[in-house]
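Structure first, then comments.
Keep in mind that the numbers below use all heavy atoms, side chains included, and drop hydrogens, waters and symmetry copies. Note that ligands are numbered from 1 as they come in the structure, with each ligand's atoms numbered from 1 the same way.
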Amino acid sequence: MRRLFAALLCLLLLSGCAAPTAEKAHWAMDTYVQISLGGTDARTGAEAVCHLLDVLEAQWSPVDSDSFLSKYNRGEVEPTGEQRAVLDKAAALAERTGGAFDPKLQELISLWGFLSKEYAVPGENAIQAALGNKKWNLGAALKGYAGDTAVALLEQMDISWGLLSLGGNIQTFGEKPDGSPWRVAIKDPKGEGYAGVLEVTDTASVVTSGGYQRYFEENGKHYHHILDPKTGYPAESGLASVTVIARDGMTADALSTAFYVMGLEKAAEHWRQYRDFEAVFILSGGEIYATQGAALTDCEFEVIRHEN
Ligand code: AMP
Ligand code: MG
């Protein structure tokens with residue numbers, strides 16, 4: 001009897017030590033996705049996140065002519081309450097960034113070939129026409145929104161920690177099992193390695209936008225995918241990449257794209273005004289700037305302070 005009790009106790013202790021974890025790779029939103037979760041519901045959680053990403057892609061895809069977004073752009077459907085909230089939030093972020101994040105650039109993005117991947121430098125008249133033809137495209141904010149919805153889902157489950165990687169977007173969830181901060185590497189825009197490491201605690205979205213992530217070359221010139229809504233051409237603000245850290249993923253995502261368009265000075269002013277995020281800027285020359293609250297390590301950088 002005593003031996004049985006000891007065996008049972010041992011089993012209980014063992015199951016207590018090894019909290020289940022799950023790793024899953026997935027392809028969604030034109031991006032390689034990696035999911036790591038810990039907690040009793042880790043496996044079902046990973047599957048639920050994959051399903052969620054597929055559902056979001058089916059709704060918001062800019063290339064699938066059957067997506068909600070394509071139908072909405074053609075005036076064929078009305079948004080649900082949730083879809084309306086996403087569109088409204090995108091419009092508010094456009095206003096907040098003075099139009100640097102513009103969720104209605106679908107025609108322009110398509111004209112440059114960034115949707116079909118058949119790239120071409122368009123003529124001036126075509127650019128002006130595309131700028132005037134306002135159709136929704138949420139490519140600059142959707143992965144951040146996906147992170148937010150994944151967090152909301154995991155909060156309903158027995159999940160203690162999680163890490164989601166969606167291309168340039170990292171979403172952390174909860175605390176790392178050993179209690180140390182999450183360490184998120186920022187890619188070196190010009191090389192294979194990393195330029196620095198951000199330490200993040202608890203649930204946060206870390207989003208990087210950079211011209212190196214998607215581009216083509218024509219006649220020796222480099223044309224990247226982040227477009228300046230004022231000119232219709234790839235943004236040239238002196239930045240090689242922008243990383244934004246915020247609790248709200250959709251905001252972080254829209255801001256990283258907007259700051260890439262706005263440049264360092266305007267982005268720093270935006271941070272002083274709003275204070276609901278931190279950011280790291282890497283200039284084309286390689287110099288790194290970080291806002292005061294960004295826990296950046298493993299590199300040298302200038303600090304952007306509240307008072308300049
Ligand atoms: P991100 O990687 O989040 O910076 O988003 C870039 C993607 O958003 C591009 O591939 C385009 O599809 C779209 N995009 C490009 N420029 C803008 C812009 N100024 N505002 C909103 N979306 C944009
Ligand atoms: Mg973005």
Under 30°, 30 to 60°, or over 60°: which ring-plane class applies to [X] and [Y], parallel, tilted or perpendicular?
| X | Y | result |
| --- | --- | --- |
| Y215 | H222 | parallel |
| F114 | F216 | tilted |
| W161 | W182 | tilted |

Between Q59 and Y72, is any side-chain donor less than 3.5 angstrom from a side-chain acceptor?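 No, Y72 and Q59 have no side-chain donor paired with an acceptor closer than 3.5 Å.
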Short side-chain to backbone donor-acceptor contact, S205 and A246, under 3.5 Å: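 No, S205 side chain to A246 backbone: no donor-acceptor pair under 3.5 Å.
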Inventory of protein N or O atoms under 3.5 Å from ligand 1 N or O:
| from | atom 1 | to | atom 2 | distance (Å) |
| --- | --- | --- | --- | --- |
| ligand 1 | 3 (O) | A140 | O | 3.3 |
| ligand 1 | 3 (O) | D253 | OD1 | 3.0 |
| ligand 1 | 3 (O) | T257 | OG1 | 3.0 |
| ligand 1 | 4 (O) | S209 | OG | 2.6 |
| ligand 1 | 4 (O) | T257 | OG1 | 2.7 |
| ligand 1 | 8 (O) | A140 | N | 3.4 |
| ligand 1 | 10 (O) | H225 | ND1 | 2.9 |
| ligand 1 | 16 (N) | L227 | N | 3.0 |
| ligand 1 | 19 (N) | A100 | O | 2.9 |
| ligand 1 | 19 (N) | L227 | O | 2.8 |
| ligand 1 | 20 (N) | D102 | N | 2.9 |
| ligand 1 | 20 (N) | D102 | O | 3.4 |

Check the pair F301 / Y289 against ring pair (Phe, Tyr, Trp, His ring centres under 6.0 Å), numbers first and verdict last. CA-CA 5 Å; F301 59 94; Y289 288 77; 9.4 Å; no
Are there any protein N/O/S atoms under 2.8 Å from the Mg ion (ligand 2), and if so, which? A140 O, D253 O, D253 OD1, T257 OG1
Looking only at heavy atoms, which two atoms of R305 and Q292 are closest? And how far apart?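 In terms of heavy atoms, the two residues are closest at CA-OE1, 3.4 Å.
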In terms of side-chain geometry, is the basic nitrogen of R272 or E269 positioned less than 4.0 Å from the acidic oxygen of its partner?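 Salt bridge flag = yes for E269 with R272.
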Which value, rounded to the nearest 0.5 Å, describes the distance between S165 atom OG and Q171 atom CD?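 Going from OG on S165 over to CD on Q171, the span is 11.5 Å.
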